[in-house]
Protein chains: 2
Amino acid sequence: MATAQKKYTYDYPRPAVTVDCVIFGFEKNQLKLLLTKRAIEPYLGKWAFPGGFIREDETADECALRKLSEEAGLSNIFLEQLYTFSELNRDPRGRVISVAYFALVKPTEYTLEAGLDIDAVQWFGLEEVADLAFDHQQILSVAVERLKGKIRYQPIGFELLPAQFTLPELHNLYETILQRSIDRGNFRKKMLSMGLLIDHSDMQKDRHARAAKIYSFDKVKYEELKESGFYFEI
Amino acid sequence: MATAQKKYTYDYPRPAVTVDCVIFGFEKNQLKLLLTKRAIEPYLGKWAFPGGFIREDETADECALRKLSEEAGLSNIFLEQLYTFSELNRDPRGRVISVAYFALVKPTEYTLEAGLDIDAVQWFGLEEVADLAFDHQQILSVAVERLKGKIRYQPIGFELLPAQFTLPELHNLYETILQRSIDRGNFRKKMLSMGLLIDHSDMQKDRHARAAKIYSFDKVKYEELKESGFYFEI
DNA sequence: CCAAAAGTGTTACCGTTACACCCATGG
DNA sequence: CCATGGGTGTAACGGTAACACTTTTGG
């Protein structure tokens with residue numbers, strides 16, 4: 001494994017295939033991006049998405065899960081395929097096609113660990129991200145568009161908040177991601193009217209007037225409703 | 001090219017990468033699927049989506065366009081990436097990852113030509129499709145879901161109709177794809193209210209009462225409106 | 001004491017829904 | 001001459017948008 005022996009031979013040329021994971025988080029009213037600092041060439045020292053070559057015995061999904069675990073210590077998070085990038089010169093090592101993934105994490109629930117071939121793992125505010133390795137800046141913009149589009153008609157915002165959250169927090173998350181102000185009253189009315197939030201305010205011992213009520217998302221009920229034709233929308 | 005010489009050697013194993021095109025059409029009030037009959041192994045004689053191996057010097061998009069042209073004689077049609085399939089045993093030849101594409105065609109505007117490695121090209125009613133090669137049945141179901149989802153909030157229905165069409169035709173297309181009845185009056189009101197249909201009824205010489213008005217989709221105006229925040233929805 | 005934050009209420013408006021209705025013609 | 005298919009009108013309803021308002025507390 002350490003000494004490459006060039007022992008895989010094919011009739012026709014084949015591209016290498018990698019997986020890259022765009023990982024979003026939300027903390028301190030900011031949309032965050034999880035990046036790893038490369039410890040190997042190419043782009044040594046640059047920040048990039050966790051990812052790597054797909055193995056012979058794993059699907060792209062499995063590879064993404066493995067990379068999230070190996071490189072950042074993440075597991076059990078929202079993950080879905082984003083898009084496949086196949087521009088000819090996107091990787092200096094030669095022809096590399098990348099299947100990009102899209103992940104959402106509750107940052108508070110994990111402590112990051114820099115893993116294999118990685119110097120560091122760190123959350124960045126979306127605004128401060130620049131000069132990424134490969135074509136990762138382009139992948140990022142596709143991911144951001146997907147996030148903006150999807151949050152309006154699928155309950156994925158909850159994947160970015162702790163299990164217990166307040167309505168002002170949720171409201172703020174939507175305003176931040178959609179980059180526009182949303183009427184407070186109308187937002188809470190619509191959210192609550194769907195009946196998908198479980199009220200935990202009775203658990204709050206010393207609830208002052210300025211302390212917001214705590215809710216959690218009722219995933220079970222959402223799945224039920226979805227089955228019977230309901231569909232989430234903000 | 002004809003005699004394979006096993007001359008491409010790599011340090012690590014690489015999957016082969018293909019492109020497959022799911023092509024929808026609409027004719028005689030039926031949703032159609034374009035399939036090619038395989039002239040080579042594996043699955044010789046089975047029906048499958050047009051597609052094939054990605055070349056060293058082309059992107060996945062380019063490969064899809066090439067395959068559409070080579071195998072079915074199609075060009076200038078709506079095309080977008082659908083999903084990448086990477087299950088381990090989806091191809092008997094070994095590890096093959098496929099980037100699936102999603103295409104919409106106006107069947108009346110093309111005459112099909114069976115091309116390279118293809119015995120026949122033919123339109124099938126969606127219902128009669130069964131026993132496809134590879135995992136193409138699974139790819140198909142993803143494509144159908146995409147079509148159903150996307151037609152409601154993007155003006156892709158027009159890609160399936162001739163440039164000139166009537167409102168009853170459009171109405172029928174929506175009912176067929178969404179598999180539910182839609183109120184005639186409301187449908188036409190909503191469609192017309194968006195101001196994206198150009199009326200060509202003045203061109204109709206002998207327009208009887210039972211002959212429906214002819215319209216075309218104003219793509220230029222749609223792009224303009226989209227820029228300024230408008231978004232299509234039925 | 002007042003600005004700020006959480007929560008609630010009110011109203012006008014607009015788009016959708018579910019119809020009914022007209023009109024012309026082709027069989 | 002009436003069933004069929006294209007085209008139009010309307011009234012009730014419900015959700016949304018844009019507000020105003022109340023309460024409590026932290027500085």
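Values below: all heavy atoms of this structure, side chains included; hydrogens, waters and symmetry mates excluded. Here is the naming used below: chain letters follow the sequence lines, and residue numbers restart at 1 for every chain.
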Salt bridge (Lys or Arg N to Asp or Glu O under 4.0 Å) partners of B:Glu80, counting only residues at least two apart: B:Arg146, B:Lys150

Measure from CG on A:Leu167 to P on C:dA5 and round the result to the nearest Å. 16 Å

Which whole-number value in Å describes the distance from A:Lys213 NZ to D:dT23 P? 16 Å

Would you call the rings of A:Phe230 and A:Tyr222 parallel, tilted or perpendicular if under 30° counts as parallel and over 60° as perpendicular? perpendicular

Distance-only, no hydrogens or angles: does the B:Glu62 side chain make a donor-acceptor pair with backbone N or O of B:Thr59 under 3.5 Å? yes

Nearest whole angstrom, please: distance from the P of D:dG6 to the CZ of B:Arg188. 9 Å

If we ignore hydrogens and angles and just use 3.5 Å, is the side chain of B:Glu169 paired with the main-chain N or O of B:Leu161 as donor and acceptor? no

Using whole Å, what does the distance between atom C1' of nucleotide D:dC19 and atom CZ of A:Phe187 come to? 19 Å

Kindly state each residue pair satisfying ring pair (Phe, Tyr, Trp, His ring centres under 6.0 Å) with at least one member in residues 65-84 of chain B, sequence neighbours excluded. B:Tyr83-B:Phe85

Within this structure, what is the CD1-to-P distance between A:Ile234 and D:dA17, rounded to whole angstrom? 10 Å

From CG of A:Leu170 across to C1' of C:dA5 the rounded distance in Å is 17 Å

Judged by modelled atom types alone, do B:Ser201 and B:Asp199 share a side-chain donor-acceptor pair under 3.5 Å? yes

In whole angstrom, give the distance that lies between atom CE of B:Met191 and atom C1' of D:dG7. 16 Å

Contact letters for nucleotides 14-22 of chain C, in which S counts primed atoms plus P, OP1 and OP2 and B counts the base, heavy atoms under 4.0 Å: --SBBB---

Just the rounded figure in Å: distance from P of D:dA18 to CD1 of A:Ile182. 12 Å

